[in-house]
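No hydrogens, no waters, no symmetry mates; every other heavy atom, side chains included, goes into these values. Order of appearance sets the numbers: ligands from 1, and atoms from 1 within every ligand. Since we're looking at a predicted model, the values are computed, not measured.
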Amino acid sequence: MKVCDAVAAVASLAQLAAGLPQVHAPKVVSRASSGCGKTQWPTDFTHYRFGLQSNGKDRSYSYHIPANYDKNKPYPVVVGFHGSSSVGLFLELDTKLSQSRYSADKIVVYPNGLDGSWAGPTYHTASTVQEDIQFVTDIITDIKSNVCVDEEKIFATGMSNGGGFIGTLACDPLGSTLFKAFASHSGAFYTDINGPDNNCNPNPSALPIPILEIHGGNDSTVRYAGGQGDGGPEPAISDWLDWWAERNGCESNTEEILFNGEVQHLSWKCGNLEAGLQHYKVSSLGHCWADTEINLSQISVPQGPTVIKASEIIMKFFDEAVKS
Ligand SMILES: *[C@@H]1O[C@H](CO)[C@@H](O)[C@H](O)[C@H]1NC(C)=O
Ligand SMILES: CC(=O)N[C@H]1CO[C@H](CO)[C@@H](O)[C@@H]1O
């Protein structure tokens, strides 16, 4: 026996004596869903799924299959929630998330809200928060049985009313367990306005929850400073971040000023997550998806391109969230 082997033997005996496991638990391997092995055709294509029954209602969503889809390889899934008076197709065009530069190795899912929005704001009367959370659960079950999904890598993003719904999901005992990370853009957080504890009950097993928010400092629809919005009161974004820092048990944040002061990037370490809570404030950005290229929501504000690409930041955030 060589010296190092002897040391190892002693060490493993000591571990046994201490009742410790001899080997480290293997890293979580990707979990393949029951949809693996099923052909998806055509690829690099957005498929429509109509007639999904959820809570007795007819619901729909679309999903984009990447160009080189391999039916036996489990893919991460990103679910993107559109803003109010909108549909999934608009979010797809606006964010460009179906393009291979963002999702060559991901399935992107675009659910459609009832009457063009998500429950939470007072203007939405077509469904309840619990119905919409059930719809999300049903979509995930549906997509997993049809497409080859890595069940450990399912993420949620959304814009405006859809960004607020991201917060609603993260605050829900069930919703918080459906996704591994959450990214909200210009979020209208109608359901989370009363401090860290009220009406926000993430599942303790999901904490700390990787969560990112991107917001325009010149947003006149969902104001950075909070106040009355189209569908009720909204929290100030800085308060909302503080509440998540508390829920997630984050340590004090670091601040990075980018693009000559145009962008403030805040990052918190939360438990084992090096950058579990993230925020980008884009000073002159209005109520639209941040992109260096002009797009639909910018034109509707009206607003020109800005200095950062939200789609790139969000996809990177998701990849990092499941690395460790
Ligand atoms: C803020 O938005 C308004 C339009 O809503 C625009 O007139 C103004 O120039 C913007 N300010 C900055 C600093 O971009
Ligand atoms: C108005 C505008 O520029 N829309 C573009 C948004 O992005 C999609 C995908 O790249 C384009 O097809 C649209 O023309």
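- Per-atom contact check: atom 7 (O) of ligand 1 does not touch the protein, criterion being a heavy-atom distance below 4.0 Å.
- At under 3.5 Å, a nitrogen or oxygen of N218, whether backbone or side chain, sits near a nitrogen or oxygen of ligand 1.
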Compile the donor-acceptor pairs under 3.5 Å between side chains in residues 297-311 and protein atoms, sequence neighbours left out, one pair per line.
residue: S297; atom: OG; partner: D94; partner atom: OD1; Å: 3.0
residue: S297; atom: OG; partner: D94; partner atom: OD2; Å: 2.8
residue: S297; atom: OG; partner: W289; partner atom: N; Å: 3.1
residue: Q298; atom: OE1; partner: N295; partner atom: N; Å: 3.3
residue: Q298; atom: NE2; partner: W289; partner atom: O; Å: 3.4
residue: Q298; atom: NE2; partner: D291; partner atom: O; Å: 3.1
residue: S300; atom: OG; partner: S297; partner atom: O; Å: 3.0
residue: Q303; atom: OE1; partner: G286; partner atom: N; Å: 2.7
residue: K309; atom: NZ; partner: D291; partner atom: OD1; Å: 3.2
residue: K309; atom: NZ; partner: T292; partner atom: OG1; Å: 3.0
residue: K309; atom: NZ; partner: E293; partner atom: OE2; Å: 2.6
residue: S311; atom: OG; partner: T95; partner atom: O; Å: 2.7
residue: S311; atom: OG; partner: W289; partner atom: NE1; Å: 2.9

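- Put simply, the side chain of K38 gets close to the backbone of S145: a donor and an acceptor are under 3.5 Å apart.
- Within a 4.0 Å radius of atom 11 (N) of ligand 1, the protein contributes at least one heavy atom.
- Proximity annotation for atom 14 (O) of ligand 1: of S284, G304, S283, G217, S284 comes nearest, heavy atoms only.
- Nearest non-hydrogen protein atom to atom 5 (O) of ligand 1 is S220 OG, 4.4 Å.
- Not less than 6.0 angstrom separates the ring centroid of F155 from the ring centroid of F317.
- Residue D115 places its CG atom among 12 or fewer non-hydrogen atoms of other residues, nucleotides or ligands, all under 6.0 Å distant.
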Show which side-chain atoms of residues 200-219 pair as donor or acceptor with protein atoms under 3.5 Å away, not counting sequence neighbours.
residue: N203; atom: OD1; partner: S205; partner atom: N; Å: 3.1
residue: N203; atom: OD1; partner: S205; partner atom: OG; Å: 2.9
residue: N203; atom: ND2; partner: P173; partner atom: O; Å: 3.2
residue: E213; atom: OE1; partner: H279; partner atom: ND1; Å: 3.4
residue: E213; atom: OE2; partner: G187; partner atom: N; Å: 3.2
residue: E213; atom: OE2; partner: H215; partner atom: ND1; Å: 2.7
residue: H215; atom: NE2; partner: V222; partner atom: O; Å: 2.7
residue: D219; atom: OD1; partner: T221; partner atom: N; Å: 2.8
residue: D219; atom: OD1; partner: V222; partner atom: N; Å: 2.8
residue: D219; atom: OD1; partner: H287; partner atom: ND1; Å: 3.2
residue: D219; atom: OD2; partner: H287; partner atom: ND1; Å: 2.7

